[in-house]
Number of protein chains: 2
Amino acid sequence: MNVQNAQTWQSVQKEVLRRIHAREWKPGDLIPNEAELAKEFRCARPTVNRALRSLAEGGLLERRRKAGTRVAVQPVAKATLNIAVIRHEVEDRGARYGYQLALREVRVAPTHISAALSVGVQERLLHVMALHLSNDTPYALEDRWINTIHVPTAIEQDFRSISANEWLLQSVPYTRGEIAFAARPATAENAKHLNCPENSALLAVNRLTWDHDQSVTAVQVLFAPGHQMRTHI
Amino acid sequence: MNVQNAQTWQSVQKEVLRRIHAREWKPGDLIPNEAELAKEFRCARPTVNRALRSLAEGGLLERRRKAGTRVAVQPVAKATLNIAVIRHEVEDRGARYGYQLALREVRVAPTHISAALSVGVQERLLHVMALHLSNDTPYALEDRWINTIHVPTAIEQDFRSISANEWLLQSVPYTRGEIAFAARPATAENAKHLNCPENSALLAVNRLTWDHDQSVTAVQVLFAPGHQMRTHI
DNA sequence: CAGTGGTCTAGACCACAGG
DNA sequence: CTGTGGTCTAGACCACTGG
């Protein structure tokens with residue numbers, strides 16, 4: 001009685017994709033509504049909905065109530081980068097991971113840090129610098145400030161065997177964050193740690209995380225010259 | 001008779017998030033299965049499924065058949081960057097967009113390009129370099145090779161008023177692509193176009209797109225010094 | 001082999017926004 | 001006001017995989 005799997009949402013999506021790629025539905029075109037497609041594909045409307053919704057999330061379709069569904073004119077490519085624990089990143093590449101703590105201090109932060117973390121300029125924060133290694137060669141340099149007002153337990157950690165990167169992700173929850181990617185010239189200090197010439201072009205990832213309205217940490221990770229972050233569309 | 005909206009999937013998700021952030025469900029914990037949660041929340045199981053599925057896509061939960069659903073130990077942050085048409089990127093920042101074609105030639109490509117595009121080393125390809133401007137200052141330098149075997153119509157375009165970036169996205173479909181982010185030192189030529197010192201650290205985005213099994217284009221976009229790509233988690 | 005997530009169905013109500 | 005997408009329900013079958 002139950003005609004199961006007349007269509008899967010993936011099969012509907014595949015056919016829709018085919019029509020878009022084959023230019024049967026061109027960029028800007030209005031495509032049939034969910035009810036019509038459900039009838040054509042002999043499936044329930046929610047099945048069509050799921051297929052189209054996930055294409056819309058990917059930027060290939062634009063959907064608006066009443067206005068219907070259109071093929072995106074300029075599909076906005078969405079590149080999703082996985083920002084994992086650095087140790088896992090190294091190990092996933094099949095390399096041996098190494099870690100060296102370079103600096104651990106509690107002191108008043110530079111104003112751009114205290115401002116970013118929304119703490120008083122006189123507040124003393126935990127500052128940690130550490131080098132991550134891949135097969136004994138420098139992989140990334142982590143420069144981190146931790147808001148010890150909100151994360152007092154960080155003070156008890158010496159970060160000599162576990163990186164702040166890993167400890168925080170394990171121990172401190174966050175509800176939102178900002179990430180920025182940029183290129184930066186290596187300072188003399190960066191160059192010393194990463195064992196590269198001064199002013200080398202380094203890929204920098206800056207993160208700022210929050211737990212509700214409390215800042216948690218601000219970190220800059222500088223990758224060794226030549227490092228790439230890859231993804232596919 | 002129909003008790004509509006006893007719960008929305010968003011409200012279920014919100015409560016699940018609350019429990020995770022409040023450490024009621026700790027990293028690594030097994031959480032109740034869908035049927036139990038549906039009973040607790042007095043909603044249908046697919047509603048719970050949708051809520052949990054989207055959290056799993058975000059990396060906060062790990063789901064496996066039979067094994068159940070666990071709170072991720074090390075939530076992998078997924079940073080989604082929107083790679084739009086450069087003109088739109090500039091205009092969305094409220095700036096005036098400008099465009100200058102710097103080079104257009106048809107010639108044999110460097111081997112790393114012909115290899116990436118999977119075309120014969122003797123094949124002549126279309127090479128375009130162009131500068132994108134924001135309020136009359138250099139914003140990004142586009143260096144592109146187009147596979148004219150698969151996209152012969154590109155030959156007819158002079159790319160003097162519309163960028164290859166924009167024309168391709170409008171005119172040529174692709175089914176998949178690779179994106180890589182890196183930092184590179186500015187060459188003398190880069191520096192001339194971007195009006196910056198040689199060896200400046202530049203953010204580079206390399207893209208390679210395919211239409212089924214045919215390569216479409218390989219492009220490197222170099223952004224002016226200081227450029228950031230931002231996103232939130 | 002048994003429990004869990006993955007998914008489909010048919011029907012329904014609802015929210016939003018275009019005309 | 002009306003058409004479109006957004007979503008929920010209750011029940012069901014299925015696929016995968018851990019034990």
Side-chain angles (χ1 to χ4, degrees), chain A residues 1-17 19-20 25-73 75-76, chain B residues 1-17 19-20 25-73 75-76:
Chain A
M1 182 178 179
N2 199 339
V3 183
Q4 190 71 22
N5 286 359
Q7 293 282 344
T8 65
W9 68 267
Q10 291 96 333
S11 71
V12 172
Q13 187 177 76
K14 193 173 167 186
E15 171 60 14
V16 170
L17 269 175
R19 293 184 189 183
I20 293 172
W25 292 339
K26 303 185 190 67
D29 281 2
L30 196 61
I31 76 174
N33 69 31
E34 293 188 350
E36 288 170 30
L37 290 174
K39 199 167 78 175
E40 180 190 339
F41 292 132
R42 308 176 70 69
C43 67
R45 187 161 77 85
T47 304
V48 173
N49 180 278
R50 170 120 191 228
L52 298 187
R53 179 177 17 106
S54 89
L55 289 176
E57 283 167 3
L60 205 59
L61 293 177
E62 286 172 1
R63 320 195 73 194
R64 269 153 52 219
R65 282 166 152 120
K66 167 81 178 182
T69 300
R70 290 179 184 279
V71 180
V73 177
V76 174
Chain B
M1 180 176 178
N2 199 340
V3 183
Q4 190 73 22
N5 287 358
Q7 293 281 344
T8 65
W9 69 268
Q10 291 97 332
S11 71
V12 172
Q13 188 177 76
K14 194 174 167 185
E15 171 60 14
V16 170
L17 268 175
R19 293 184 188 182
I20 294 172
W25 292 339
K26 301 185 192 67
D29 280 3
L30 196 61
I31 75 172
N33 68 33
E34 294 189 349
E36 287 170 32
L37 289 174
K39 199 166 77 175
E40 179 189 341
F41 291 131
R42 308 175 70 66
C43 67
R45 188 163 74 86
T47 304
V48 174
N49 179 277
R50 171 117 191 231
L52 299 187
R53 182 180 10 110
S54 88
L55 289 176
E57 284 167 2
L60 205 59
L61 292 177
E62 286 173 1
R63 320 195 74 196
R64 269 153 51 219
R65 282 167 155 124
K66 167 82 178 181
T69 301
R70 289 177 184 281
V71 180
V73 177
V76 174

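Proteins get letters first, then strands, A, B, ... in listed order; numbering begins at 1 in each.
A close approach under 4.0 Å does not occur between any side-chain nitrogen or oxygen of Q10(B) and OP1 or OP2 of dG6(D). Considering only side-chain N and O atoms, R63(B) lies under 4.0 angstrom from the phosphate OP1 or OP2 of dG6(C). Taking side-chain N and O atoms only, T69(B) has no distance below 4.0 Å to OP1 or OP2 of dT4(C). Taking 4.0 angstrom as the limit, N49(B) places none of its side-chain polar atoms (N or O) nearer than this to OP1 or OP2 of dG5(C).
For N33(A), counting side-chain heavy atoms from C-beta on, the closest listed nucleotide (dT4(D), dA2(C), dA10(C)) is dT4(D). Of the candidates dG5(C), dA2(C), dC8(D), dG5(C) carries the atom nearest the E34(B) side chain, counting heavy atoms from C-beta on. Considering only side-chain atoms of P46(B), the nucleotide from dC8(C), dG6(D), dG3(D) that sits closest is dC8(C).
Whole-Å rounding puts the R65(B) CZ to dA15(D) C1' distance at 4 Å. The CZ-C1' distance, from R50(A) to dC8(D), rounds to 15 Å in whole Å. Atom P of nucleotide dG5(D) and atom CD of E57(A) are separated by 16 Å, given to the nearest angstrom. Atom NZ of K66(B) is separated from atom P of dG19(D) by 7 Å (rounded to the nearest Å). Atom CZ of R42(B) is separated from atom C1' of dT9(D) by 14 Å (rounded to the nearest Å). In this structure, E62(B) atom CD and dG18(D) atom C1' are separated by 16 Å, rounded to whole Å. The separation between L61(A) atom CG and dT4(D) atom P is 16 Å, rounded to whole Å. A straight line from NZ of K39(A) to P of dG11(C) spans 14 Å, rounded to a whole angstrom.
With hydrogens and angles ignored, the 3.5 Å screen pairs a side-chain donor or acceptor of R70(B) with a backbone N or O of G28(B).
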Item to complete: Could you check Q7(B) against T47(B) for side-chain hydrogen bond (donor to acceptor under 3.5 Å, both in side chains), going step by step and ending with a plain yes or no?
Response: CA-CA 8 Å; Q7(B) 293 281 344; T47(B) 304; over 6 Å; no

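Taking the nucleotide of DNA chain D with the nearest heavy atom to each of T47(B) and E36(A), the more 5' of the two is matched to E36(A). The nearest heavy atom of DNA chain C to A67(A) and to R53(B) marks one nucleotide each, and the one closer to the 5' end goes with R53(B).
Ion pairing between a basic and an acidic side chain is recognised when a charged N comes within 4.0 Å of a carboxylate O; E34(B) and R63(B) show such pairing.
In this structure, E40(B) and P32(B) have side chains that are not in contact, with every pair of non-hydrogen atoms separated by 4.5 Å or more. Side chains of L61(B) and V71(B) form a contact here, defined as non-hydrogen atoms less than 4.5 Å apart.
Side-chain to base pairing of R64(A) with dA17(C): no donor and acceptor N or O lie closer than 3.5 Å to each other.
Residue contacts shown for R45(A) include a base, since a base heavy atom lies under 4.0 Å away.
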